[in-house]
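Note sheet for the following structure.
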Amino acid sequence: MSEVQSVEIRPEEIMDKLVSLAKRRGFVFPSSEIYGGIASCWDYGPLGVELKRNIKDHWWKSMTQKRDDIEGVDAAILMHPKVWEASGHVEGFTDPLVDCKKCKLRFKADEMDKDRCPNCGGELTEPRQFNLMFKTFMGPVEDDSAVVYMRPETAQGIYVNFLNVQGPSRQKIPFGIAQIGKAFRNEISPGNFIFRSREFEQMEMQYFVKPEEDEKWLQYWRGERMQWYLDIGIREESLRWHQHTQEELPHYAKAAYDIMYDFPFGWKEIEGIHNRTDYDLVQHKKFSGKDLSYFSTEEKKRFIPYIIETSAGVDRTALVCLADAYHEEVVRDEKRVVLRLDPKIAPIKVAVFPLVKRDGMPEVALKIYHELKVHFKCFYDESAAVGRRYRRMDEAGTPYCLTIDSQTLEDETVTVRERDSMLQTREKIPDLVRVIEQKVRF
Ligand code: GAP
């Protein structure tokens, strides 16, 4: 019998285990926790912030650095209120709600299958539209003329800057604009940990194309985006497509496909790929009075481009990474929790351990640690037995642990222990940067 046995975890147990690991190891915890938390807002701790940064860096690099046809932008969260009238969000970004006349609780109308309150059995009101945008006031006077909104998607910051970016970058259609940033939605039923929250981060790219080429680019971006999840190590069998029916389409889209992930709480959307047609640019042209058309020098004609949008959630991707990576095993009668994160997105790439706290080992280990941390996020640990230190790193998803032992002092080699297989090899100290670099680079 093998020394390592996988432990089957029931889907309904996984979320509790993930939330507890996230808190225990400093990935994610409730916002303002000492005050009892604030509904569906989350703070990322030392490991979570590295995970999120790696996800964003990987996306940014794949969208901008590795291509010549996409430029970056970082627009303000607060925008002119007319933006949200033009985009259709003031009128259409709503959910129908019902109130219980007795206990006053509020529910999403489309999630109610009967007309009595699920909490107290009381009578429900007729549905009313509830806008999901957060409102605030700009300046010292809190009246209607000072209302501004916290952006519910980053996309609009790209549309209004279409020509500001296109001009200086001298891009020609087809080309794209990418942005990563916070978005805010006053969700009626947030939940499932960081899956649906009220403050979250999006990674959005808007690709401007000739109207007659919309279908070609929609299909192209579907392929690119699915591949991106495979590249960060997500299992293929946990991913699938959902094509929106006419009834499901958002108000701005002619066609929409969602990338879905098999979460412990069911198949859910993690990214939307949308054909937004010329809807947004036409609307902004109408509301701003500015010409947002593009002049093609080759065809000597002016037109409003169509937009193919790829819209992903950073937090949702982080949850996918954690859920996909979480494993429990029994190794020689001992339980091990291991996060099999792809080395590219793992928060800590390398842990450095002296085998024991004597014989000059900590000095050599610290020297290696200081050399490596210039290149990768590293962690130094000399406390407890080395087996315990390995387990702590398994739980944090650290792909490589280096152990400095008595042989190191003789031949300048260290043990490299790989997280998933637990196999150990020996590498020469001067080769470490190159060997690890090959495994964690994206
Ligand atoms: N610009 C188009 C747009 O925003 P969306 O389908 O509403 O489209 C895109 O959102 C992605 O943003 C979702 O697939 C999800 O990853 C993320 N997202 C949306 N609402 C979210 C929420 N309340 N909490 C966390 N992530 C969210």
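All figures in this text were calculated on a predicted structure; none of them were measured in a lab. Remember, it's 1-based here, ligands and their atoms both numbered in the order they're listed.
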So, are E12 and R10 salt-bridged, with charged N and O less than 4.0 Å apart? yes

Would you call R225-E271 a salt bridge at under 4.0 Å N-O? yes

Got a salt bridge between D214 and K254, using NZ or NE/NH1/NH2 to carboxylate O under 4.0 Å? yes

Pairs in or reaching into residues 313-322: which pass side-chain hydrogen bond (donor to acceptor under 3.5 Å, both in side chains), with residues at least two apart or in two chains? Y44-D315

Which residue pairs pass the salt bridge (charged side-chain N to carboxylate O under 4.0 Å, His left out) test with at least one member in residues 433-442, sequence neighbours excluded? D431-R434

The complete set of ring pair (Phe, Tyr, Trp, His ring centres under 6.0 Å) pairs with one or both residues in residues 292-320, sequence neighbours excluded, reads Y294-F303

Protein residues having a heavy atom less than 4.0 Å from any atom of ligand 1: E153, A155, R185, E187, F195, R196, S197, F200, Q202, E204, Y252, E269, I270, E271, H274, R276, E309, S311, A312, G313, R316

